[in-house]
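One structure is given here, and the rest of the page talks about it.
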Amino acid sequence: MQRSFDFGASPLPDVSRPLLAIYGPQRSVARMDPVSQLVKSAISGRAYDEVSWNAFFRLRAHYNADWEAMSLAPGPALEAILSPTTFPEAKARQLPVLLRMLKHRRGTLDLDFLARETVDDAMAWLKALPAVGPKTAACVLNFSRLNMRALVVDTHVHRVTRRLGLSPARGDVQAAYDSLMDQAPEAWLAEELFEFHCLVKRLGQTFCTHARPRCRACPLKEICPRIDAGGGDVLAFWPRA
Ligand code: SF4
């Protein structure tokens, strides 16, 4: 048996509130330039944060933050640096192509011009680059010093918001992004969307995990339609995340 919760006009604050109570405010401490953020996000696919950050720091140190030099580097050299991440061979192949395409389109490795675009136009421009999807594009806009109003939907945010009924049960990341951005309060700016991302991600890492969500202890159990009336933990009818 499922329960329903009468979310307010915008359900996202109803999700944030209990999470803020246990995780506290989430603020970005160090924003990078958008090209560095693009590099970081491009190597983060299916990798733990600690692993991808370490790989990024090694790349940045090795090439002295000269991303143009890195874009001309031989694949095996890059692969060796990226090897602790998942799919290092594919990432070593795609990353230089991505940066060379950016240089080709702009004449320089610079994404600061995106600050003058609307979020939708900036997202579309980034997604036209090779191997850049809605998650990476939103990371560049929201996590970097561009600080734009775009929600990063990573695997945790996607899974949790599907279980909460806030993004389409069978939709992809783009569908989740569209749905969540539509539901975000107009008053929410980049910082609030950053905070929502961090809070929901932490819930996904601690309570609403992929395999064994801890519904009975979850701070969202009162509003989540996926918890059964008896407070059970694992529900067979969940869609695959
Ligand atoms: S109640 Fe269960 S399914 Fe719902 S958000 Fe919490 S852990 Fe996830």
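Every number for a ligand or one of its atoms is a count from 1 in the order of the listing.
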Original post:
Any side-chain donor paired with an acceptor under 3.5 Å for Gln37 and Ser41?
Top reply: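 Indeed, the side chains of Gln37 and Ser41 share at least one donor-acceptor pair under 3.5 Å.
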
**OP:** Taking only heavy atoms of Cys218 into account, list the atoms of ligand 1 that are under 4.0 Å away from them.
**Re:**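 Contacts of ligand 1 toward Cys218, numbered from 1: 1 (S), 5 (S), 6 (Fe), 7 (S).
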
Subject >> Interfacing atoms of ligand 1 (cut-off 4.0 Å, heavy-atom, Cys224) >> reply: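 Checking each atom against Cys224, I get 1 (S), 3 (S), 4 (Fe), 5 (S).
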
Subject >> Cys208 N/O/S atom closer than 2.8 Å to atom 2 (Fe) of ligand 1 >> reply: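 Of the N, O and S atoms in Cys208, none lies under 2.8 Å from atom 2 (Fe) of ligand 1, which means no.
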
Original post:
When you measure from the centre of the six-membered ring of Trp67, is the NZ or CZ of Arg60 under 6.0 Å away and within 45° of the axis?
Top reply: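 No, a cation-pi geometry is absent between Arg60 and Trp67.
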
Subject >> Minimum heavy-atom distance Ile81-Arg58, with the two atoms named >> reply: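 Taking every non-hydrogen atom into account, O-NH2, 2.9 Å.
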
Original post:
Going from CZ on Phe207 to CG on Leu19, what distance comes out if it is rounded to the nearest 0.5 angstrom?
Top reply: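 So the CZ of Phe207 and the CG of Leu19 are separated by 9.5 Å.
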
